[in-house]
Every structure is written in C-alpha cells, then in structure tokens.
There are 2 protein chains.
Amino acid sequence: MLENFESVSRSIADSTRVRILKMLEPGELCVCQITAILGLAPATVSKHLSLLRMAGLLSHRKQGRWVFYRLSSHDNNPYAPPVLDLMRNILGDDPVIAEDRTRLDKINTVPLEDLCGDGRHIFTEKLHSKSGSQATA
Amino acid sequence: MLENFESVSRSIADSTRVRILKMLEPGELCVCQITAILGLAPATVSKHLSLLRMAGLLSHRKQGRWVFYRLSSHDNNPYAPPVLDLMRNILGDDPVIAEDRTRLDKINTVPLEDLCGDGRHIFTEKLHSKSGSQATA
DNA sequence: TGTCCATTTAGTCTGTTGACGAAATAACGA
DNA sequence: TCGTTATTTCGTCAACAGACTAAATGGACA
C-alpha cells in the first residue's frame, strides 16, 4: 500500500526520471537513445530505468542487443496508472522537457545503428551543443 | 515548471509527509495534534510542515500560540491541486493511514489545552502504545 | 514587563541518493 | 568460438534528507 505508493512517488521525485517518463510518451525508446537525449553515463541511465521499472512505471523488451523501454501498461503497482495519467497532462510546455522532445525528434531521423555505433559520441555532442536546438545533425 | 512539479513530487515522496496530508483531509489540525499522531519530535514535524507549505500543498493560520495547518486551496503551485486530488482517492485503506485516522478520532475528543499542556506526554504515549487502537485514552 | 509555552530555526549526525568509471553480462556477427 | 557492443552490476564518492537536541522566536496572560 503505502510502500507501493512510495516507490512511485519517489520515482517521480527526480527530474531525470521525469524527463525519461516524458520522452517515452510518444512511444518506446532504446536505452542508447534515452542516454543520448539525457547526456548522462549509460550506467546512470540504466539505474534510473531499473528503478522506474521496479516501481511499475516502465516496461521493457529485448530485441537483439538493444533494450526498449516504454510506459508501463502492467498492473504491478496500482498507483502507477493514475500517476502516469497525471504526468501526461502536464510539463509539456516546460523548457527542459521541450528541448528533450526536440532532441527526440532529431534522434528519430537517425537509424539506431548510427546512433549507438561509432558515430555515437559525435551525434550526442551535436545534440547537446549550444546551437543544438536548431542544428540539423 | 519542472521546478514546481519537483517540489510537489518530492513532498509526497516521504511517508511521514503522506501521513500528514492524509490526516489533514477531514480538516485543519494544530501542530501539536499532528505531532501527537506522528509521535515525532516537534522540530521534525515543523520542518515537514514547512516543506509541504513551500510546495503549495498546505496553508496555515495562526490562532493565539497555536498554528493550524490545512490542505491548501491556494494557487501558488499549479501542480498541487491535481496531486491533492489524486491523494484523496487513495491510501484510505492503508494500515498506517488507518491507524493515524484512529488516533485522530481519539485526539478530537480531547480539548487542545489538554493535548498540548501538561498531560501531553501521557496522552501521546497512550496514543502510540500497543493497545492504543482500542484504548479509550 | 516578564514568564510560559507552542512553534520554528540552527547545528549535528547518520543513512540514502545520484553521479561516475570499471568490470561483468548477453547477444550478434565474423 | 571469439571479438564487438549494448546494457547492467559493482564499488566509490560527494551531496542531500530526515531525525534529534538545544536555542531562538513570538504570542498570551499575569
């Protein structure tokens, strides 16, 4: 009960995890895509994703070497759905969230192989450069 | 934006603060009443209340030497109302929350002067004793 | 004015959290 | 099978959070 609610509320009490939840609204993403958008170390991102999954907010599936995460449709935690519903209706106009969305759009124009492969660092750098918002990668 | 949401989500990410929000649903309470129900040091409770107020979840009014807190109806933080609405619909059947409600009912039978005065410690002790749930103070 | 008492603030201590790099794991392709 | 690569786990470290005690604040009342 209170324990389940706490795992959800603690999950959304961190801005990085809120960013993850918001960037997954349009659909599932690979870990390397999420990592590129956030600009954090893979280990850090993995830990956040694991925590969100444990709280019942995310589901994941493996496809080859890639792992895709999506907003959960499970019933593990009864408090997850109402919280996800609430989040869907807010923060769309927040600057940080909006910038993430811009990066997401840019990332969707690049094949996963390119993003996660050799060109990874170069692309991620462009994604987070000062002129990143209007650069065309 | 994200900052305002974070102050709310961090507020509800602690079980003590969730207990406070739930015990204030029926109506306002004095700090000494909240302290008695929680069984924590007054300074600790005061800090939690201050944090909840800063997040826009609580309002307060002074009456003499007592300070009464209630669920906020202000518009300081746009994320406070939807979160309070969500909370109203959940956790009513949680054991901890239910026990707090029992203590609240018991406290409401005692005049504030008695609760905050000399008999304070004795009453609080009864409130938190093993047989406290069925004791009649 | 001075005392009493509810509440808040200040200071401290301990446990938790979020970041990282390095090492382990797992799956693909040669 | 072996190397490569995406992801996770492990170990570490600095920053934060929540608890307490002690001291400060502020209103009530003699």
Side-chain angles (χ1 to χ4, degrees), chain A residues 3 6-7 9-20 28-55 58-70 107 110-121 123-124, chain B residues 6-7 9-20 28-55 58-69 107 110-121 123-124:
Chain A
E3 193 176 302
E6 223 181 326
S7 75
S9 58
R10 290 172 58 128
S11 290
I12 62 170
D14 174 85
S15 62
T16 299
R17 290 192 287 268
V18 170
R19 289 172 67 193
I20 291 173
E28 68 178 11
L29 290 173
C30 170
V31 174
C32 67
Q33 294 175 303
I34 298 170
T35 301
I37 293 173
L38 291 173
L40 294 173
T44 304
V45 175
S46 176
K47 200 174 169 189
H48 282 306
L49 291 169
S50 173
L51 194 146
L52 286 165
R53 187 157 51 81
M54 288 299 121
L58 296 186
S59 305
H60 72 316
R61 73 182 174 89
K62 286 188 174 183
Q63 181 179 307
R65 330 172 235 201
W66 294 316
V67 178
F68 289 86
Y69 279 85
R70 66 182 180 281
I107 274 182
V110 180
L112 263 184
E113 292 79 4
D114 294 353
L115 181 64
C116 298
D118 294 341
R120 179 178 25 149
H121 298 301
F123 187 80
T124 300
Chain B
E6 224 182 325
S7 75
S9 58
R10 291 175 58 109
S11 289
I12 61 170
D14 175 84
S15 61
T16 300
R17 289 191 289 268
V18 170
R19 289 172 66 193
I20 292 173
E28 68 178 11
L29 289 173
C30 169
V31 174
C32 67
Q33 294 175 304
I34 299 170
T35 302
I37 293 173
L38 292 174
L40 294 172
T44 303
V45 175
S46 178
K47 201 175 170 188
H48 282 305
L49 290 170
S50 174
L51 194 145
L52 287 165
R53 187 157 51 81
M54 288 298 122
L58 297 186
S59 305
H60 73 315
R61 75 182 172 89
K62 288 186 173 183
Q63 180 180 307
R65 341 170 226 201
W66 294 317
V67 178
F68 291 86
Y69 281 85
I107 273 182
V110 180
L112 263 183
E113 291 78 5
D114 294 353
L115 181 64
C116 299
D118 295 339
R120 176 176 29 149
H121 299 301
F123 188 80
T124 301

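Throughout, a chain's letter reflects where its sequence line sits, starting with A, and its residues are numbered from 1.
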Under 4.0 Å between any heavy atoms, over every strand shown, what does B/Arg53 touch: base, sugar-phosphate, or nothing? Just pick one. nothing

Judged by atom type as modelled, is there a donor-acceptor pair below 3.5 Å linking the side chain of A/Arg17 to the main-chain atoms of A/Ile12? no

Within this structure, what is the CD-to-P distance between A/Glu6 and C/dT16, rounded to whole angstrom? 12 Å

Using whole Å, report how far CG of B/Leu52 lies from P of C/dT8. 12 Å

Nearest-Å distance for atom pair CH2/P, residues A/Trp66 and D/dT8: 15 Å

Taken to the nearest 0.5 Å, the spacing of A/Tyr69 OH from A/Ser59 OG works out to 10.0 Å

CG of B/Leu29 versus P of C/dA6: gap in Å, rounded? 16 Å

What's the CZ-P distance between A/Arg61 and C/dA26, to the nearest Å? 20 Å

Does a side-chain N or O from B/Tyr69 land closer than 4.0 Å to OP1 or OP2 of C/dT8, or not? yes

Per-nt protein contacts along nucleotides 19-29 of chain D (heavy atom under 4.0 Å; B base, S backbone sugar-phosphate only, - none) come out as BBBB----SS-

Whole-Å distance separating the CE atom of B/Met54 from the P atom of C/dT9: 8 Å

The test is side-chain contact (heavy atoms from CB on, under 4.5 Å); show your working for B/Arg61 and B/Glu28 and say whether it passes. CA-CA 10 Å; B/Arg61 75 182 172 89; B/Glu28 68 178 11; 2.5 Å; yes

Once side-chain hydrogen bond (donor to acceptor under 3.5 Å, both in side chains) is applied, do any residues pair with B/Arg53, and if so which ones, sequence neighbours excluded? none

Can you tell me how far CZ of A/Phe68 sits from CG of A/Leu58, rounded to the nearest 0.5 angstrom? 14.5 Å

Decide yes or no on side-chain contact (heavy atoms from CB on, under 4.5 Å) for B/Leu52 and B/Ile20, but give the supporting numbers first. CA-CA 9 Å; B/Leu52 287 165; B/Ile20 292 173; 3.9 Å; yes

If I take atom CG in residue A/Leu49 and atom C1' in nucleotide D/dT8, what distance separates them, rounded to the nearest angstrom? 11 Å

In terms of side-chain heavy atoms of A/Ser46, which of D/dT8, D/dG18, C/dT8 is nearest? D/dT8

Under the 3.5 angstrom rule, does the side chain of B/Ser46 hit a backbone N or O of B/Pro42 as a donor-acceptor pair? no

To the nearest Å, how far apart are A/Ile20 CD1 and C/dG18 P? 11 Å

